[in-house]
Protein chains: 2
Amino acid sequence: MLIKQLFKIRHNVYLDNNATTQVSSAVVRKMNRVLRRNFGNPSSLYKAAINSAIILDESRAIVAKTIQADPSEIYFTGSATEANNNIIKTLAEHHYPAKNKIISTPLEHASVISTLEYLAGKGFVIEYIPVDIKGRINMDALSAMIDPSTILVCCMLANNETGVIQDVKLAAKIAHDKQVPVFSDCVQALGKIPVNVKDLDIDYASISAHKIHGPKGAGALYVKNGNFISSFIHGGHQENGLRAGTESLHNIAGLAEACKSVSHYLGKAKKIESLKKYFIRELKKIKPDIIINSPEDSTCLSNTVNIVFPGVNNAYLMATLDYFGMAVSAGSACNTQSNEPSHVLKALFISDQQARESIRFSLGTGISRFQISYVLEVIRQFVNGELPPIGMLEPKMLSKEMIFDNNTFIVDVRFWHDRLLIKSIPNAHEISFFSYKKYFKHIPKEKNVILVCQTGFNAPIVAYEMKLRGFKNVSFLMLGIVGWKQANPALYESYAGTNVQKLQA
Amino acid sequence: MLIKQLFKIRHNVYLDNNATTQVSSAVVRKMNRVLRRNFGNPSSLYKAAINSAIILDESRAIVAKTIQADPSEIYFTGSATEANNNIIKTLAEHHYPAKNKIISTPLEHASVISTLEYLAGKGFVIEYIPVDIKGRINMDALSAMIDPSTILVCCMLANNETGVIQDVKLAAKIAHDKQVPVFSDCVQALGKIPVNVKDLDIDYASISAHKIHGPKGAGALYVKNGNFISSFIHGGHQENGLRAGTESLHNIAGLAEACKSVSHYLGKAKKIESLKKYFIRELKKIKPDIIINSPEDSTCLSNTVNIVFPGVNNAYLMATLDYFGMAVSAGSACNTQSNEPSHVLKALFISDQQARESIRFSLGTGISRFQISYVLEVIRQFVNGELPPIGMLEPKMLSKEMIFDNNTFIVDVRFWHDRLLIKSIPNAHEISFFSYKKYFKHIPKEKNVILVCQTGFNAPIVAYEMKLRGFKNVSFLMLGIVGWKQANPALYESYAGTNVQKLQA
């Protein structure tokens, strides 16, 4: 199938299912019902609230069954990030100073890595397990690293950025031989490969609702019975006294409802994988020099592939795909405020340059061959230079001369909260990214328009739109103002923030 | 108005609005819309997700305006409990060991008190401000307590159990004169009295959605610009890097929607207060010896009254009210797993006995005079002995002889998770509180049926139902198995848990 007239047939293709997923209709209906009918506080001592307690109980049983746990081993949290933070912090606090070492893979989610960095600042020793070129941990190294000071081994089941699956069962065996418990972040694995905490023989695990078509704001922590656990939010007796605060009952019911579909999603993995393989195969024909960062064997999630497009700025390609209705990402949505290359790709020996040419495609359960063909066609036209080009400015190129040139018109499309963190390019005109089209009539078409944002990902989206609306000279600042500040510290120091004005919509 | 035939006209009257409130239709609709349409991750860098970022931004502006804050001063959390925990813990950690004292009112919510107790265990000095008989803090004492080691003053704006309002503005002035910041839990105040953080001149504050007809699982922390704050959940950059984790967008939108109605709720305060005064006035006619634990002047929330019913076990009265459709509480829903008298009532010099005779009525915005009359009529019949009596067993009375008597039939109605914590009375028959009516046919009508639960609040609900269904001798164990264990340690040690069997439904 070929799609020639892209501009007439923009399709929405959501290829960022590792960031979050569409909430399923069944989940929305269930949550709606709970919101309308079951407002009673599950802790209250009267019949009007008892249905709330029942829903809480039933939800716990469903979630437990999904990962082969006992209901008494499930603690609901407000997110997997919260679960990850709290299990690591409470274990660390409990053992310190008698023990002070935590061993982790270098590929963990930001919620684990940042927590470990925080603990490193408190005097804990954090050691990262060496990995092979695809990110799989070295088991011999793990074994050698565990010593009597070791509190915990953190090993995610599947990685969000590349999809690499770890042999957590073997890691647990190695750790248990030395009496060290294992925590596994199973957020990305759930719904894509079977998650069986008993078979994996892990001590702690976390899952999240919004990666399996459930609501955002609902996670669960699994703690194997008999393992250490202590309060992480103090207050009422909720969640057995461990996580105080009135339960978000509709979110919990939504998590349970989403869990009911996990086996259905697992049944689709083969179809998704064959579409992913088709995508990679065709992509190699369009651009033979692509590099696949993900494993290409059974140690990869069926839906995920992370690809280097040599010579292509990923923000530019993402903006192009976005213009034509496709959502992809450069890495974790949790790291989008920084312009540092992803710590996951860095751990895979991928250069900073290559990391900035990498894009993650994460397919959803409803993906079709038609959609994949459409994505391929847009990439083909992009790679072959058939789409209208927009300019890209390296941070060094946006010099004092260019900034103060009369023909230059700088547009700052950042969010207001980003503007609090770092000053703008001098002479910039601030507009709202939330309604950027409204400002186009006030931007001179004949000038050299330079779009700037915080880290280089929003500006190309606006640039693309302007180019297609007839602006002749449109370019965007690569790596954003953060990158510009790093490349031009003296310029930033002297001029940043001067003569910045708000453009009227 | 008199209601004679109570049994025919059970009305649902919800008088526990300080525990939680019914989610408003506008909030449900808004959340439903966000769940269906805006699944995009607010952190993602493509147009499909931009509406999510817009909703997040708009919600922050609405919440900020509701308490007269700037949007940059609002951090969304998963609950007010989380906000309370985190602001206190991060401040404590930041200042320790240079400073180590936190000053608090003794009436704070469990989420503050438990956090302070946790810190006390870590070497912090926690000092409680003396209060008068109605719980209002002594400002001279506060002033004298503040010294150079003081990190923070915690002073809630209005108390959840009695409704007492503190003069937080004056407390803040006193603290600021000595360069100490003030944190005020404004959860119960919001929607009942104006909450203006600028006018109060406080440094930190927390609010919760589910107390103002919003969803459970959504709170916000206010941090005055320029005040110290640090990450409390590590990971992604969400909430300016302070509270990582994908935002529960529908919950946040629900909080904002609820905030839009705050001024409407404030407009109803007068009507609610006049109904509360009518209730108290009429109650004094029915039972002249009642004692009002709440202030009876302007230092009390319009909707709240906490009352001692001398000689009346509050669990028994609550079960009666429950049977007739009325929901009230004995204190905070966050403390229902313990049979300790409320720490708030204790701080008001109320005896343990009186605390166990106290009930909190918290009226909602939709309360009517008819509903109040109905409540009064049920209480009148209860007080006058016109309702069928059920027996009450003091923990000491449930002796070895009674337990092993052939005519005794003990029914344990606890939740399964309560059963994990403490063993049952010997010979008990376990049934599920979630479906207790199903078991009635298996309970011998002629025997001396004793209902037991964890702390004495669920058993009378079942006892009441059985009495009205023709069981002749029905009684419940006051203070529950927890109280029985405390009163009979030797008996518990020797026999608890023996010959306990599950009854079939």
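In what follows, chains are A, B, ... by sequence order, proteins preceding strands, each numbered from 1.
Heavy atoms of A/Ala53 lying under 4.5 Å from chain B belong to its backbone as well as its side chain. Looking at A/Tyr436, only its side chain comes within 4.5 Å of chain B, counting heavy atoms on both sides. Contact annotation for B/Lys122: only side-chain heavy atoms (C-beta onward) come within less than 4.5 Å of a heavy atom of chain A. The contact between A/Asn240 and chain B is made entirely by side chain atoms (from C-beta outward), counting heavy-atom distances below 4.5 Å. With a 4.5 Å cut-off on non-hydrogen atoms, A/Glu117 does not touch chain B at all. If you measure heavy-atom distances from A/Thr21 to chain B, the contacts under 4.5 Å come from the backbone alone. Of the two parts of A/Asn84, neither the backbone nor the side chain holds a non-hydrogen atom closer than 4.5 Å to a non-hydrogen atom of chain B. No part of A/Ile113 comes within reach of chain B, as not one of its non-hydrogen atoms sits under 4.5 angstrom from that chain. For A/Leu35, the parts sitting under 4.5 Å from any heavy atom of chain B are the backbone and the side chain alike. Proximity to chain A involves both the backbone and the side chain of B/Phe433, based on heavy atoms less than 4.5 angstrom apart. Residue contact with chain A, scored on non-hydrogen atoms closer than 4.5 Å, involves the side chain of B/Glu93 exclusively. Neither the backbone nor the side chain of B/Val27 comes within less than 4.5 Å of any heavy atom in chain A.
Judged by distance alone, the side chain of A/Thr320 and the main-chain N or O of A/Tyr316 form a donor-acceptor pair under 3.5 Å. For A/Asn18 (side chain) and A/Asn160 (main-chain N/O), a donor-acceptor pair under 3.5 Å exists by modelled atom type.
With respect to chain A, the highest number of heavy-atom pairs below 4.5 Å among B/Arg243, B/Arg36, B/Glu82 belongs to B/Arg36. Contact tally against chain A (heavy-atom pairs below 4.5 Å) for B/Pro42, B/Ala244, B/Ser24: the top residue is B/Ala244. Between chain A and the options B/Gly219, B/Ser79, B/Ala315, B/Ser72, heavy-atom pairs under 4.5 Å are most frequent for B/Ser72. Contacts with chain A were tallied for B/Leu249, B/Val28, B/Ile252; B/Val28 has the most, counting heavy-atom pairs under 4.5 Å. Ranked by heavy-atom pairs shorter than 4.5 Å toward chain A, the options B/Val112, B/Val23, B/Asp57 are led by B/Asp57. Options B/Met318, B/His210, B/Met326 differ in how many heavy-atom pairs under 4.5 Å they form with chain A, and the most are formed by B/His210.
Both tests pass for B/Lys89 against the ring of B/Tyr118: distance under 6.0 Å to the centre and angle within 45° of the axis.
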Check against salt bridge (Lys or Arg N to Asp or Glu O under 4.0 Å), B/Arg60 and B/Glu73: CA-CA 9 Å; B/Arg60 199 183 307 279; B/Glu73 298 174 319; over 6 Å; no

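Between the side chains of A/Asn17 and A/Ser362, not a single donor N or O lies within less than 3.5 Å of an accepting N or O. Side-chain N/O atoms of B/Thr115 and B/Asn85 include a donor and acceptor closer than 3.5 Å.
A/Phe39 has its ring centre less than 6.0 Å from the ring centre of B/Tyr14.
The aromatic rings of A/Tyr323 and A/Tyr464 sit tilted relative to each other, their planes meeting at an angle between 30° and 60°. Below 30°, between 30° and 60°, or above 60°: for B/Phe415 and B/Phe434 the angle between ring planes is between 30° and 60°, a tilted geometry.
In summary, A/Lys216 and B/Glu247 do not engage in a salt bridge, as defined by a charged side-chain N under 4.0 Å from a carboxylate O.
Annotation: side chain of A/His234 is not in contact with side chain of B/Ser111 (no heavy-atom distance under 4.5 Å).
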